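Every chain is numbered from 1, with letters handed out A, B, ... down the list of sequences. Given the structure is predicted, the values throughout are model-derived calculations rather than measurements.
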Amino acid sequence: MPEGHTIHALAERVRRAFGGRPVAACSPQGRFAEAARLDGARVLDARAYGKHLFVDVEAEILHVHLGLIGSFPVLPLAGAPAAPPVGRVRLRLVGDDHVADLRGPLICALTTPEHRDAVVAALGPDPLDPNAAEGRGWDRLRRSRRTVAELLLDQGVAAGLGNVYRCEVLHRHRLDPYSPGSALTRASWEALWTDLVRLLPLGVAFGQIVTMPDDIVEAERLLARDAVSDYTASLTGERLGDYFERRFAVYQRAGEACPRCGHAIRADKVGGRTLYWCPSCQDRH
DNA sequence: TCGCCATGTCCAC
DNA sequence: TGGACCTGGCGAT
């Protein structure tokens, strides 16, 4: 599940569930002994940068990256004591009224302000950051002979993008995934960036990646009317039913018809990840 | 029940 | 560039 929208929503959830109050912390699985240093301390803040989550717990900084398979659902206790951890829980946080179980993370560590700054500094602009400097992404992209498909997964170009947004956004802009970054026009990059700034917040609000034109229109209509804040707040990060039917233009649709031109969608392995794209109508730079 | 795959990243060759 | 690592779900057996 975890592209940038997931982590930003998670940060918000952690702030709301635990912010300002002490938490009990432990590592049921036993692989994060430092959890003891968080136990009983107050959660001061939680922030997402791209796919990285940093939680300030008094003097400590907890650094979490979910990787490909990690999850960190934040669930209400609802009166009952926290159920015993099911599966391999690396870190459990228990507050007055919520419990959060971290499983399968790529990173779960205590860190220093200096290291956090270094991690953040290495990231490119984050479309979910209102102060993001998109020009930094462009500078990196335009100087590279690597393909646009590779570059969109480079967190130094745009922080928080993952494989779904990459495939979908390349298709939305009819971009040839195999053209080098250096061939992309400034106008193409700006249109791409503007689209990401539009799409990622929908992902945060609905807890799912929304890239189909009709769904985007409906999602924006609901957001403009502030009709989904309760829905957004109710999301826990657990697998639940989706607000919109889960569908994409190209992602995981190999062999099916491109919704724009009808040509069969292709799946290529690129750097270990599966690139889904339409070889017929994705021809621009 | 098994094996494969996944919205990620790093490291060794 | 291929494998390692982390976990869970699903389709094939």
Side-chain angles (χ1 to χ4, degrees), chain A residues 1-11 27-32 35 48-53 63-73 85-92 100-109 111 115 118-120 122-124 126-128 146-147 149-172 177 195-196 199-212 215 235-255 267-277:
Chain A
M1 335 266 139
E3 297 192 32
H5 68 294
T6 303
I7 313 307
H8 283 261
L10 172 58
S27 179
Q29 177 197 55
R31 290 186 50 188
F32 183 50
Y49 302 88
K51 299 170 191 168
H52 294 262
L53 172 70
H63 180 197
V64 171
H65 190 301
L66 294 182
L68 184 58
I69 62 174
S71 64
F72 202 179
V86 177
R88 312 165 193 195
V89 176
R90 182 79 56 91
L91 169 66
R92 165 170 276 194
D101 284 345
L102 173 64
R103 295 152 201 277
L106 183 67
I107 297 171
C108 171
T111 189
H115 181 248
V119 169
V120 173
L123 295 172
D126 182 337
L128 286 167
R146 294 153 65 209
T147 65
E150 288 175 276
L151 286 162
L152 285 188
L153 287 184
D154 179 341
Q155 300 298 295
V157 170
L161 281 209
N163 200 23
V164 181
Y165 280 119
R166 162 180 82 157
C167 296
E168 292 293 299
V169 89
L170 283 170
H171 180 265
R172 282 171 63 75
D195 206 24
L196 292 170
L199 295 179
L200 274 280
L202 305 182
V204 175
F206 290 90
Q208 69 179 114
I209 295 174
V210 179
T211 58
M212 299 299 274
D215 293 343
L235 296 170
T236 66
E238 278 207 311
R239 299 164 212 284
L240 298 169
D242 287 327
Y243 193 98
F244 295 100
E245 182 194 349
R246 182 187 144 88
R247 59 204 182 103
F248 301 108
V250 288
Y251 181 72
Q252 284 189 334
R253 295 193 63 241
D268 299 349
K269 281 284 181 216
V270 179
R273 314 303 308 279
T274 310
L275 169 73
Y276 299 90
W277 67 295

Undergrad: A:F72 near the nucleic acid: base, sugar-phosphate alone, or nothing, with a heavy-atom cut-off under 4.0 Å?
TA: nothing
Undergrad: What's the CG-P distance between A:L202 and B:dT7, to the nearest Å?
TA: 21 Å
Undergrad: Let me know the distance between CG of A:D242 and P of B:dT7, rounded to the nearest Å.
TA: 16 Å
Undergrad: In whole Å, I'd like the distance from the CZ atom of A:F206 to the C1' atom of B:dT7.
TA: 19 Å
Undergrad: Check step by step if side-chain contact (heavy atoms from CB on, under 4.5 Å) holds for A:H8 and A:D126.
TA: CA-CA 11 Å; A:H8 283 261; A:D126 182 337; 2.8 Å; yes
Undergrad: If you look at every strand shown and take non-hydrogen atoms under 4.0 Å, does A:Y165 touch a base, only sugar-phosphate, or nothing?
TA: nothing
Undergrad: Mind calculating the distance between CG (A:D154) and C1' (B:dC10) to the nearest angstrom?
TA: 14 Å
Undergrad: Is it true that A:H171 and A:F248 have ring centroids separated by less than 6.0 Å?
TA: no
Undergrad: Is the distance from OP1 or OP2 of B:dA6 to the nearest side-chain N or O of A:T274 less than 4.0 Å?
TA: yes
Undergrad: Going 5' to 3' along nucleotides 3-9 of chain C, which nucleotides have protein heavy atoms under 4.0 Å from the base (write B), which only from the sugar-phosphate (write S), and which from neither (write -)?
TA: ---BBSS
Undergrad: Can you name the one residue among A:W277, A:Y165, A:Y276 that meets ring pair (Phe, Tyr, Trp, His ring centres under 6.0 Å) with A:Y251?
TA: A:Y276
Undergrad: CD1 of A:I107 versus P of B:dC11: gap in Å, rounded?
TA: 10 Å
Undergrad: Please determine whether a side-chain nitrogen or oxygen atom of A:Q155 lies at a distance below 4.0 Å from atom OP1 or OP2 of B:dG8.
TA: no
Undergrad: Rounding to an integer number of Å, can you tell me how far A:H5 NE2 sits from B:dT7 P?
TA: 13 Å
Undergrad: Return no unless some side-chain N or O of A:K51 is found under 4.0 Å from OP1 or OP2 of B:dT7.
TA: no
Undergrad: OP1 or OP2 of B:dA6 versus the side-chain N and O atoms of A:K269: is any pair under 4.0 Å?
TA: yes
Undergrad: Take the protein atom CG of A:L235 and the nucleotide atom P of B:dT7, then report the distance between them rounded to whole Å.
TA: 21 Å
Undergrad: Using the P atom on both, measure B:dA6 against C:dG2 and round to a whole Å.
TA: 16 Å
Undergrad: Rounded to the nearest Å, what distance is computed from the CZ atom of residue A:F248 to the C1' atom of nucleotide B:dA6?
TA: 12 Å
Undergrad: Regarding A:Q29 and A:R88, do their side chains bring together a donor and an acceptor under 3.5 Å, going by distance alone?
TA: no
Undergrad: If the plane angle is over 60° it's perpendicular, under 30° parallel, otherwise tilted; pick one for A:F206 and A:F244.
TA: tilted
Undergrad: Kindly compute the distance separating CZ (A:R103) from CZ (A:R92), expressed to the nearest 0.5 Å.
TA: 8.5 Å
Undergrad: Please round to the nearest 0.5 Å and tell me the distance separating atom CD of A:Q252 and atom CZ of A:R246.
TA: 5.5 Å
Undergrad: Say you pick atom P in B:dC5 and the same atom in C:dG3; how far apart are they, in whole Å?
TA: 13 Å
Undergrad: Taking only N and O in the side chain of A:R246, is any of them less than 4.0 Å away from OP1 or OP2 of B:dT7?
TA: no
